[in-house]
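Chain letters run A, B, ... following the sequence lines, proteins first and then strands; every chain starts at 1. This structure is a prediction, so every number in the text was calculated from the model and none was measured.
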Amino acid sequence: MRNWAFIRHYHLMLLPGIVLLLLFSVVPMFGIVIAFQDFQPTLGIFRSQWVGWENFEYMFALPDSRLIFVNTMIIASLKIVFGMVVPFVFALLLHEVIHLKFKRIVQTVVYLPHFMSWVILSGILINMLSLEGIVNQIVQLLGGEPILFLQSNSWFRGVLVASDVWKEFGFNTIIYIAALTGINPHLYEAAAIDGANRFQRLIYITIPGLLPTIILLATLSLGNVLNAGFEQILNLYNPIVYQSGDIIDTYVYRAGLQEVQYGLATAVGLLKSVVSFLLIAVSYSLAARFANYRIF
Amino acid sequence: MIRGTNRFVDWTIYAILSLVAFVSIAPIINTLAISFSGKIPAMSGQVFFWPVEFNLSAYESILSDRDFFVSFGVSIKRVLLGGAINFIITVLMAYPLSKPSRLFPGRSVYMWFVIFCMLFSGGLIPWYMTIYSLGMLDTIWALVLPTAVPIFNVILLMNFFRGIPKELEEAANIDGAGPWKTLFVVFLPISLPSLATVTLFSIVGHWNAFFDGMILMQHKENWPLQTYIQQLIISVNSIMNTTDPEEIRRLTNMSSQLLNSAKVMVSMVPILLIYPFLQKYFVSGIVLGAVKE
Amino acid sequence: MNRKKWLALLCSGVLLGTAACSGGGSPAAGTDKEGTDSAQTTPANAPADDGPFAKYEDTVSLTLGRQGVSGNNLPGGDTLENNQYLKYVEDRLNVDINYDFSIEDLDAYNQKVTLAIVSNKIPDVMVVDEQQFQRLAKANMLADLTDVYDKYASPLIKEYYASYTDDRVLNTGRIDGKLYALPNTNIDGNYQLLWIRKDWLDKLKLETPKTMDDVKSVVQAFVEQDPDGNGKADTLGLLGDTTVVGDGGFFTFDPVFNAYHSYPKSWFQDESGNIVYGSTTPETKQALGVLRDMYAAGLIDKEFLTRKWEDNAGLVSSGRAGILFAPWFAGWAMSDAVKTDPNADWVPLAVPLDDAGKRNIVPSVPSGSFLVVNKEMKNPEAVIKILNTEYEGIRLLDPAAQELYKGLGVGWLNYPLNLQLDYQDSLARDIPIYEKVLKDKDTSGLPERILPRVESVLKNAENPKQDAAAYADSLAYYTAAAVTGAKELNKVEPVFYGNTDTMLKRGSNLDKLENETFLKIITGTSPLDEFDKFVTTWKSIGGDAVSKEVAEAVKNR
C-alpha cells in the first residue's frame, strides 16, 4: 500500500542530507582526475595536462610504495586479529561475573578510552613511553634496560597494536556481550543438570553460541585491511620508524601536503579507495550470503 | 543462576578483570598525577599514580592561557552546532530509509548513494578546494557542514527504526498522522536509547576531531581544542626557519610536560561529564541498531 | 673590526634614519592621534603618492600569509593580527593589512602555503621558504619586484642588502635577473657554538674542551659523575635535534661534522675540480661514525628523536642538560637555567677544533625565507613601503615607534612582515660599542636602536645574573656574539647556494633519504656502512642529476 503523499515527504526529509553529501563528498570526487594529470595549480583541473597512467607508473617504481602497502596490511591485520580476540576473551570473562555492580564499573572503565581522541591518547602515550615515563620506570624496576618504544622499528608496530587494543577492546566487547545475552539460558540449565562443568559449558554452549557473531565480524573486518589507523600513526610516528610504521594514508598526506606531489598522492589515494571498495563489497556480500546479515 | 561453583576460578576472573580495568585507566591516572606534581618530579619520572610535590601551578597557568580557552570555546561551539545538525540530519534520513522499498520506491537508490559516499572520497586537496570555494575556510561551518551527514549513525538509527513494530505506525496513520508527525510523535519518543547513542557518537566525534581544524582553519583563534593540543604536544617542528633571537626567548618559557598533562586532563573533562549520562543508553543503543539476525 | 668603519656606518645609519623620517613624513607620537598625524603627513618636498614612506590617499588593502609567533607575549588582549606595531604601520601608510593565515607550527604553516598554492589562491603577500618561492615563481604566480624595489625601498633596506658581499643575498631572490622576492638576510656568525655549563666543569675539575676528544670526555663526565650533585644519574649527554644538520640550527651536530672536515648539505669543488655534495663524502661517514659511537655510549641524549625544541629548552632550564650546540642567540634560552639553579653558568665556546686547531665553519646560506608578492596584487610597492616603515619602527629610528610597548619586551615579529634584515657584520660591529661602554659607562651619543642592549649589558655587568632579561641580552649579544668572531675560525666557502630544477622536483625525496639515513646510522638502527648504500641510492634517485646541474651553474658564473 503505497502512499504517494507520504513518499513525497520522504524525499523531502532526505533532501538536506543528500544536498550536503553532493556538496562535500561528490563534488570533491571529481578531483580524482588529478591522479591522471600533471597538475598545475595555475591551470587548475580543467586545463592541466593529461598524463594517463604516468603517476601510477611512478608510484609502482618508487621503493616506498611496496613498503607502505606491506606496512598497512601488516598493521591492519594485526589490529583486526587482536581487536577481535581480546574483546572476545574479555567478554567471556565478564560474562562469568554475577556481581552486577562490579560488572558495570569494569565496563564503564574499559569503554572510556574509546571516547578519547588519538591526539589525547598519543600525548599520553608519548609521555608514558619516554625514558622517564612510567612504562620505562616499571621496566627498570623489574631490572630491564629502558626501551625507546617509539623510535624502534622492532617495537613500533607493537605499540600501535597494543594502544589500538587499549583504546577499542572495551568498546568492542559490547557486541559480544549482546550476543552472549542472546544465548538461551535454558541451554545452561540443561547442561548443568547433565553435569557439565563450567569449562565444558564454555566449550559446548558459549563458544558455539558466539560463532556466528565471530564469523560475521571477521568477514566485515576484511574491508578494513587497508585502514591501519591514520590519526593514530600520524600522532605517534617519526622518521626513524617510517620503515615499520609508514602507511598508505600517512604517505599520501605527506606526499600531498608536505612534498607537494599532488598527482602521486592522489593516485595512491585512488588506488587505496578502489581496493578498499572492492574488499568491502566482497565482505558485505559474503556476510549477506553466509550470515544472512545485511547492514543496510 | 548456577554459576560460581568454583570459588578459585571466580576469584581469578575477578582479579583478571580488575587488573585489566586498572591497566586501561592507569595511563589517564598517571597523567592526572603528573599534572598535579612539581616540575622536577614530573620531568624525571618519579610520578606514578599519586602526585609528587603536589601543586596546582599547571592549572593556574592554564587559567591565564588565552589560546587554550579560545580553542576550548571553538570546540564547545562546534559540538553544540555540529551535534544539532548531525542530530537533525540523522533523524530525517534514518526515518525514510527505514521504510521498505515497497513503501518507498526510491529507497535503494538513496541507500546506494549514501553508501558510495561513505566508501569513496576524492582526496584531501579537492576536498579543501571545494570548501575554499564555498568561502567557508576559517568559519565554524567548515567544521560542521562537511561532517553534517554521519552515515554510520544514520545506518544505526535506521536499523533501530526498522525494529519498531509496524502496528504503532499504522495506528498513528489511521489517526491521521502524516510522516512528520509519525516520526516526531511516535518514533522519536520510543527511540531514546538509540538517539542518545548517535548523539554521543556525534558529540564525541566533533570534540575529538583535529585534522579538519588543522587543514581548514587559517588562524589559531579558530582552532578547535584538539588541533591546539596536537600542535602543542605532538607536532615536533615548532621552530621557525628563520633563526630568530626573540622567538627563542618566548619558546623557552613555553610548554612543559607538566603543563601538557594538565591541558590533556582539562580537554577530557567535557567527555567525562557527558559520558556517565549517555553510557547507560549506548550499550543497548548500539546492540539494537547493529545486531540483526 | 676597524673602529672607524663602524663609527662611520653607525653615523650613516642614524643619518639615514632621520633623513628617511623627514623624507616620508614622520607620524605624530601616538598611533591613535590620527588627526594631528594626517596634518603633517605630506611634506612639501615629496609628492603625496610617491617615496618610500608616502602615505596613501585612499586606503590600500592587502592580505598576508605568514608564520605566527609561538608563545607571543603581547599585553592586554593584543594579538599578532591586532597590535600597536601593526597599527603603527597601517596608520603611517594608510594601508589595511589582513591576515589570511598565521600559523605558528612550521609544518602546519607549510601546509597552509601548499594548500594556498595548489588551490591557486595565494594571499597578496607571503613569507615562504626557498622551495616554495621557486615553485611559486615557476608557476608564474609572483610579481616582478625589480622596479618597485629600486624605486621604493628605503635607503636603510638597500643598505642592509648592500652590506653582503657580491650582492649574494638579493641574488637569491632573483630569477633570470629579475627580482621576484625579497630574501631575509642571514648575518655572519650564525654557526653553532658549543654551549657548556662552566659551573659543572669546575665542579668536576675539568678543563675547557678544545678537540672532539675533549668534548667526548666532558660529556662522559657530565653523564656519569653527577655534575649537579643531586645524587641521581639524571643528567643527559649532548642534546640533539632530528634535523641532524642545519644552518644556524639549535642542537644540531654541524660542529662535529665540521671538526672532521665534513660539510653536509653544502656544495664544494674538490681539488680535481669536481662538484661534490658535502653529505656524501668519506669525511661525513667518519663523522657519522663518531656520532654513532657517542650515541651508543649514551653520550648523546637517547631521546633526541622525539624531543621538541621546547623539550630541549626545558632540559636546559631544569638543569638536566649541560652541553649542547647552538648559535649565539641561544643565549636567551641558556640564561633561563639560572632560574632553577642560580649557580648555572652557561658559556659559549668556538669548539670543537679540527686536527689543525681550527674551528671550521660553512658560512650561512645567504637567506632562508622569502617575501613574495602575488602577481595579481595591484600595489606591489605597498609591500616595500610596509617593509621600510616597519624597519623604522624595529630599529627605533622613528621617535613615535620608540613609544610602542615601551619596556615590555614585545617582539618585532609582531610587525606584519616577519622578514629579518640586518648588516652582514651586525654582530661584530656592536661588540666594540659594548666594550667601550663597559669601560667608560657612558651611553651618550649611541644610536637609539642599541640602547636597550647596552643598558642590559651594563646592568648585568653591575649585578651579574640578577636581572633575567639583562643577563639574557648580555649573554647573547655580548658574550656569545664576541665568541662568534673567534680567531680559530676557518671559513669553508661553498661554491653553490640555492636550488636547481631537479632539486625542486626531487629535493624532498633526497633530503628525506639523507635525513633518515643519518638518523638511523647515529641511533644505531642501521650499520655505518649503510652510508655507502645511501650514497649510491642518493645518486641514482636524482643526486647525479643535481650534481650535474650544480656544476653547470658554477661553470656559467
If you round to the nearest 0.5 Å, how far is CG of Asn120(C) from OH of Tyr132(B)?
->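 The distance works out to 9.0 Å.
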
By side chain to side chain donor-acceptor pair (under 3.5 Å) - contacts of Tyr415(C) (at least two apart) =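 Scan of Tyr415(C) (side chain to side chain donor-acceptor pair (under 3.5 Å), adjacent residues dropped) gives none.
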
What residue pairs, at least two apart or across chains, pass salt bridge (Lys or Arg N to Asp or Glu O under 4.0 Å) with a residue in residues 218-233 of chain B?
->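 Matches after skipping sequence neighbours: Asp67(B)-Lys220(B), Lys220(B)-Glu104(C).
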
Winner by heavy-atom pair count (cut-off under 4.5 Å) against chain B, out of Val316(C), Val118(C), Val127(C), Thr340(C) =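 Answer, by heavy-atom pair count under 4.5 Å with chain B: Val118(C).
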
Name the option with the most non-hydrogen atom pairs under 4.5 Å to chain B; the candidates are Ala476(C), Gly246(C), Ser119(C).
->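 Most heavy-atom pairs under 4.5 Å with chain B: Ser119(C).
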
Contact class of Lys121(C) relative to chain B, heavy atoms under 4.5 angstrom |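 Interface part for Lys121(C): both.
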
By a 4.5 Å heavy-atom criterion (distance strictly below it), what part of Ser367(C) contacts chain B: side chain, backbone, both, or neither?
->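 Neither; nothing under 4.5 Å.
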
Contacts of residues 121-129 of chain B with chain C (heavy atom under 4.5 Å) |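 Result: Ile125(B), Tyr128(B), Met129(B).
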
Is it the case that more than 12 heavy atoms not belonging to Lys302(C) sit under 6.0 Å from its NZ atom?
->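 Yes, the 6.0 Å shell around NZ holds more than 12 heavy atoms from other groups.
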
Looking only at heavy atoms, which two atoms of Lys112(C) and Met214(B) are closest? And how far apart?
->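 Result for this residue pair: NZ-O, 2.8 Å.
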
Minimum heavy-atom separation for Asp100(C) to Gln218(B), with atom names?
->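 Nearest heavy atoms, Asp100(C) then Gln218(B): O-CB, 3.0 Å.
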
Interface moiety of Leu137(B) toward chain C, non-hydrogen atoms closer than 4.5 Å |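 When you check distances to chain C, no heavy atom of Leu137(B) falls under 4.5 Å.
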
Of all pairs that satisfy side chain to side chain donor-acceptor pair (under 3.5 Å), the ones with a partner from residues 136-149 of chain B, not counting sequence neighbours |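 For residues 136-149 of chain B: Asp138(B)-His219(B), Asp138(B)-Asn222(B).
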
